[in-house]
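To keep things clear, I will list the structure first and then write my remarks on it.
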Amino acid sequence: MDIPRIFTVTESAHRIHNPITPEKLAVLGAALRLEPGTRVLDLGSGSGEMLCTWARDHGVVGTGIDLSPLFTEQAKRRAAELGVAGQVEFIHGDAAGYVSGEKVGVAACVGATWIAGGVAGTIALLARSLRPGGIILVGEPYWRQAPPTEEVARACLAGSRADFLALPELLASFGRLGYDVVEMVLADQDGWDRYEAAKWLTMRRWLEAHPGDEFAKEVRAQLTSEPARYAAYTREYLGWGVFALMPR
Ligand code: SAH
C-alpha cells in the first residue's frame, strides 16, 4: 500500500506536504486554543508535523493515518525527535472510511480530501469521529484568481475549473453543509514556494544520486518544466487554507 512514487521522490525532504509553513501551522494551533490532552485525529497525516508540533506546544495527543510508508516512518522519527512519541501514534494505512474508536476534539484532513471523495465527503467522515463541541479541520485549495480557461485550470494541475471554488464560495459551502466556519489560516505565495520550490532541490539531488533509475527521465522532465509552470499558474491562481468548522 503506497502513494505514487513521484511524491515520495519530490516530497521526501518535506516536513509539511502543503503550502502552509511551520509558522502558520503554529498560528493555527494557537488559534484553535487547544487544551492539553485534546485528542486529535489526522487523516492523511503525511510526515506528522502538525500532530508532533501541537503535541509539543499544546500537549495534545492523537493519531495520524497515512498511506505512505515513507512519510509515516518520518512522522514516527519526528515524534521521537520532539519527545512526543508517548503522545502521538502514526499508522500506515488507508484513511478512507477511518473512524476513531474514541471520539476526538479535533478531526483533521489537511490537504487530502480525495480520501473521502471531496470536501463534503471528508467532512462527513471526520464528523463520525468528532465529540460534541469538537472542531473539524479541512485543508483545501481555492481559486485565488478565477482561471480564465479550462486550460489554465489544468495547468494548475486541477482536473477542471469546477474542482475548486473561490474563497467566499468555499466558505459559504461549509455553511450549506451545516457547519460554522470558526477559524481559518490561509497560505500565501511564500508558503506555496516553500512547498513547491523545495521539491526542485530534492529532485536535483535525487537525480544526482540515482542516474540509472528508470524513474530518472520523469523526474528530469519535472525538474525542467516545473519552476516556470508553477510560477505562471499554481502560484498565481491557487490559494490554499485550513478551515476550522463546528456543526451548527
Ligand atoms: N496533512 C499532511 C500531508 C498532506 S499531503 C501535511 O499537511 O503535511 C497528502 C497526504 O495524503 C500524503 O501524505 C499522502 O501519503 C496521503 N494519502 C493519500 N491518499 C491517502 C489515503 N487513501 N489514506 C491515507 N493517506 C493518504
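Only a predicted model underlies this, so the values are computations on that prediction, with no experimental measurement involved. All ligand and atom numbering here is 1-based and tracks the order in the structure.
Atom numbering of ligand 1 starts at 1 in the shown order; those under 4.0 Å from a heavy atom of G93 are 23 (N), 24 (C). Applying the 4.0 Å criterion to heavy atoms of G46 picks out, from ligand 1, the atoms 2 (C), 3 (C), 13 (O). Contact atoms of ligand 1 toward W114: 9 (C), 11 (O), 18 (C), 19 (N) (distance under 4.0 Å to a heavy atom of the residue). Atoms of ligand 1 found under 4.0 Å from any heavy atom of I16 (numbered from 1 in listed order, with element): 8 (O). The atoms of ligand 1 that sit less than 4.0 Å from any heavy atom of N18 are 4 (C), 6 (C), 7 (O). Heavy-atom contacts of D94 reach the following atoms of ligand 1: 21 (C), 22 (N), 23 (N) (cutoff under 4.0 Å). Within ligand 1, the atoms closer than 4.0 Å to a non-hydrogen atom of S68 are 15 (O), numbered from 1 in the order shown.
On a distance-only criterion, D66 and ligand 1 share at least one N/O pair closer than 3.5 Å. Considering backbone and side-chain N/O atoms, H17 comes within less than 3.5 Å of an N/O atom of ligand 1. Considering both main-chain and side-chain atoms, F71 never comes within under 3.5 Å of ligand 1 through any nitrogen or oxygen pair.
Between Y98 and ligand 1 there is no heavy-atom distance shorter than 4.0 Å.
At the top of the distance list for atom 1 (N) of ligand 1, counting protein heavy atoms only, stands G44 O, 2.8 Å. Of the protein's heavy atoms, L67 CB, 3.6 Å lies nearest to atom 26 (C) of ligand 1. G111 O, 3.5 Å is the protein heavy atom nearest to atom 9 (C) of ligand 1.
Without hydrogens or angle criteria, R15 side chain to S47 main chain gives no donor-acceptor distance under 3.5 Å. For the pair H92 (side chain) and L67 (backbone), a donor-acceptor distance under 3.5 Å is present. Side-chain N or O atoms of K199 include none that pairs as donor or acceptor with a backbone N or O of R194 at under 3.5 Å.
In this structure the side chain of I20 reaches within 4.5 angstrom of the side chain of W240, judged on heavy atoms. A heavy-atom distance below 4.5 Å is found between the side chains of E11 and Y195.
Considering L41, D42, L43 as possible partners of S45, the one that fulfils the side chain to side chain contact (heavy atoms under 4.5 Å, CB included) test is D42. The only option from L126, L125, I91 that meets the side chain to side chain contact (heavy atoms under 4.5 Å, CB included) definition with Y98 turns out to be I91.
Under 4.0 Å from ligand 1, the heavy atoms of I115 that appear belong solely to its side chain. At a heavy-atom cutoff of 4.0 Å, ligand 1 is contacted by both the backbone and the side chain of A95. Heavy atoms of S45 found under 4.0 angstrom from ligand 1 belong exclusively to the backbone. In F7, neither the side chain nor the backbone holds a heavy atom less than 4.0 Å from any atom of ligand 1.
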Exercise. Any chance you could lay out the salt bridge (charged side-chain N to carboxylate O under 4.0 Å, His left out) test for E81 and R78, step after step, and finish with the verdict?
Key: CA-CA 5 Å; E81 185 181 36; R78 186 68 171 147; 2.8 Å; yes
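F243 and F174 have tilted rings, their planes meeting at an angle from 30° to 60° on a 0 to 90° scale. Between W200 and Y230, the angle of the ring planes goes over 60°, which puts this pair in the perpendicular group of the 30/60° scheme.
Residues E196 and R235 are not paired through a salt bridge, judged by the lack of any N-O separation under 4.0 Å between the basic side chain and the carboxylate.
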